[in-house]
Visitor: 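This is the structure I want to talk about, given as structure tokens.
What you see is a predicted model, and the numbers here were worked out from it, not measured in a lab.
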Amino acid sequence: MTIIRTPEALKEIYPAASEASLIKVTPTLTAGYRRMVEASPFMALATVGPEGLDCSPRGDHGSVVRVEDERTLAIPDWRGNNRVDSLLNIVRDPRVALMFLIPGSNTAMRVNGRAVVSIDTDLLASFEMDRKHPRTVVLVTIDEVYFQCARAIMRADLWNPESFADPQSLPTPGDLLRAAKADFDKESYDREWPERAAKTMW
């Protein structure tokens, strides 16, 4: 197997980046970039810490983030599994990368920046949902923002219902847990999960 091990060797394979791929990067949200980010109900949040990298899905009603200003995004941390991998990483290394997906659009948005975890009372209260508040809010300071070439989403045919997987053909969460722990009660887990999720969404 031949492995590329230097930047020089890599650059011999790939031509120079196009003008469009370079000028699209901005240090703040343009009006268009803001519209795209605010249209996204889902993103992936990548963080880094002493144990390595983490990438966590985030979703919300409407926009997954709130734009505070042209350089600041606010991400409420709603109920989850309490592993807090992303938050643990952020408090030790502020570097974050965000990728936003917009259902129906082949354009993804990307943000690189630095984050902090806030427990400001007024900030938490401003995200009230069903009389509940997030326990923390991640505040991201943008270093750069840009849109991603649409080819990956187009190749994946991501939004085409005809290409969707049949859920019955896939392992359930209980199946996956049973594979990790042989005596795990997968039947009870799968049976109880929908109601548990409905009660703990916020």
Side-chain angles (χ1 to χ4, degrees), residues 29 31 33-47 49 54-92 94 96-105 107-111 113-142 145 153 158-159 161 164-168 170-177 184-202:
L29 288 171
Y33 281 174
R34 176 170 183 155
R35 286 174 59 197
M36 294 293 288
V37 166
E38 290 180 331
S40 172
F42 176 86
M43 73 168 184
L45 168 65
T47 59
D54 183 73
C55 189
S56 172
R58 300 297 169 109
D60 213 333
H61 280 313
S63 179
V64 67
V65 301
R66 187 170 73 198
V67 176
E68 301 290 287
D69 57 51
E70 66 178 8
R71 288 206 65 200
T72 310
L73 304 176
I75 311 166
D77 191 65
W78 294 113
R79 296 282 292 271
N81 57 19
N82 292 323
R83 284 182 53 117
V84 297
D85 298 305
S86 299
L87 303 182
L88 281 171
N89 280 349
I90 289 170
V91 299
R92 296 176 294 176
V96 296
L98 287 59
M99 179 175 285
F100 298 86
L101 295 179
I102 305 166
S105 171
T107 300
M109 289 298 302
R110 297 177 63 176
V111 169
R114 291 156 290 116
V116 295
V117 180
S118 174
I119 55 171
D120 180 83
T121 303
D122 291 339
L123 182 60
L124 299 180
S126 72
F127 283 98
E128 182 173 331
M129 179 70 70
D130 290 345
R131 293 175 299 198
K132 297 182 177 118
H133 304 150
R135 282 177 283 183
T136 60
V137 173
V138 175
L139 294 172
V140 177
T141 299
I142 296 171
V145 54
I153 295 176
L158 194 60
W159 310 122
F164 290 178
D166 176 4
Q168 299 302 317
L170 301 173
T172 67
D175 291 328
L176 299 172
L177 289 162
F184 186 82
D185 183 359
K186 78 180 191 71
E187 289 79 11
S188 294
Y189 186 89
D190 285 336
R191 183 177 60 254
E192 296 167 2
W193 164 246
E195 183 178 357
R196 183 166 65 251
K199 290 181 177 178
T200 59
M201 194 63 66
W202 311 110

Visitor: Return the minimal non-hydrogen interatomic distance between L98 and M43, and the atom names on each side.
Guide: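 For L98 and M43, the tightest heavy-atom pair comes out as CD2-SD, 3.6 Å.
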Visitor: So which heavy atom on D77 is nearest to which on L87, and how close?
Guide: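 That closest heavy-atom pairing would be OD2-CD1, 3.7 Å.
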Visitor: Could you please spell out the steps behind the salt bridge (charged side-chain N to carboxylate O under 4.0 Å, His left out) verdict for D85 and R83?
Guide: CA-CA 5 Å; D85 298 305; R83 284 182 53 117; 2.8 Å; yes
Visitor: Where do N82 and R135 land on the side-chain contact (heavy atoms from CB on, under 4.5 Å) test, with the steps shown first?
Guide: CA-CA 11 Å; N82 292 323; R135 282 177 283 183; 2.9 Å; yes
Visitor: More than 12 foreign heavy atoms under 6.0 Å from CZ of R92: is that the case here?
Guide: yes
Visitor: Once salt bridge (Lys or Arg N to Asp or Glu O under 4.0 Å) is applied, do any residues pair with R79, and if so which ones, sequence neighbours excluded?
Guide: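 Scan of R79 (salt bridge (Lys or Arg N to Asp or Glu O under 4.0 Å), adjacent residues dropped) gives none.
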Visitor: Evaluate the side-chain proximity of T72 to I142: yes if any heavy-atom separation is below 4.5 Å, no if none is.
Guide: no
Visitor: Are the side chains of W202 and E128 in contact, using a 4.5 Å heavy-atom criterion?
Guide: no
Visitor: Just jot down the side chain to side chain donor-acceptor pair (under 3.5 Å) partners of E68, sequence neighbours excluded, or say none.
Guide: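 Checked E68 against side chain to side chain donor-acceptor pair (under 3.5 Å); matches are R66.
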Visitor: Do you know which two heavy atoms are closest between I102 and A39, and how far apart they sit?
Guide: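 Between these two residues, the closest heavy atoms are CG2-O, 3.8 Å.
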Visitor: Distance only, no hydrogens: is a donor on one side chain within 3.5 Å (strictly under) of an acceptor on the other, for T172 and D175?
Guide: yes
Visitor: Are H61 and W78 close enough that their ring centers fall under 6.0 Å?
Guide: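 No, the ring of H61 stays outside the 6.0 Å limit from the ring of W78, centre to centre.
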Visitor: Between L177 and K186, is a side-chain contact (heavy atoms from CB on, under 4.5 Å) present by the stated rule, with each step listed?
Guide: CA-CA 7 Å; L177 289 162; K186 78 180 191 71; over 6 Å; no
Visitor: So does L170 have more than 12 non-hydrogen atoms from other groups sitting under 6.0 Å from CG?
Guide: yes
Visitor: State, to 0.1 Å, how close F164 and L158 come at their nearest heavy-atom pair, and which atoms those are.
Guide: CE2-O, 3.5 Å
Visitor: Could you grab the distance from atom OG of S86 to atom CG of D54, nearest 0.5 Å is fine?
Guide: 4.5 Å
Visitor: I want to check something: taking the side chain as every heavy atom from C-beta on, are V111 and V65 in contact at a cut-off of under 4.5 Å?
Guide: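 The answer is no, as the side chains (C-beta and beyond) never meet within the 4.5 Å cut-off.
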Visitor: Pair T107, F100 - check side-chain contact (heavy atoms from CB on, under 4.5 Å), show working.
Guide: CA-CA 9 Å; T107 300; F100 298 86; over 6 Å; no
Visitor: Donor-acceptor check, side chain of S40 to backbone of V37, threshold 3.5 angstrom: yes or no?
Guide: no
Visitor: Can you tell me how far the OH atom of Y33 sits from the CZ atom of R110, to the nearest 0.5 Å?
Guide: 11.5 Å
Visitor: Any side-chain heavy atom of I75 sitting closer than 4.5 Å to one from D60?
Guide: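 The answer is no; the side chains never approach within 4.5 Å.
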Visitor: Determine the minimum heavy-atom distance between S118 and L123, stating which atoms define it.
Guide: OG-CD2, 3.6 Å
Visitor: P134 and L124: which non-hydrogen atoms are nearest, and at how many Å?
Guide: O-CD2, 3.4 Å
Visitor: Test salt bridge (charged side-chain N to carboxylate O under 4.0 Å, His left out) on E195 and K199; report intermediate values, then the result.
Guide: CA-CA 6 Å; E195 183 178 357; K199 290 181 177 178; 3.0 Å; yes
Visitor: Quick check: does any side chain N or O of W159 sit under 3.5 Å from a backbone N or O of S105, one acting as donor and the other as acceptor?
Guide: yes
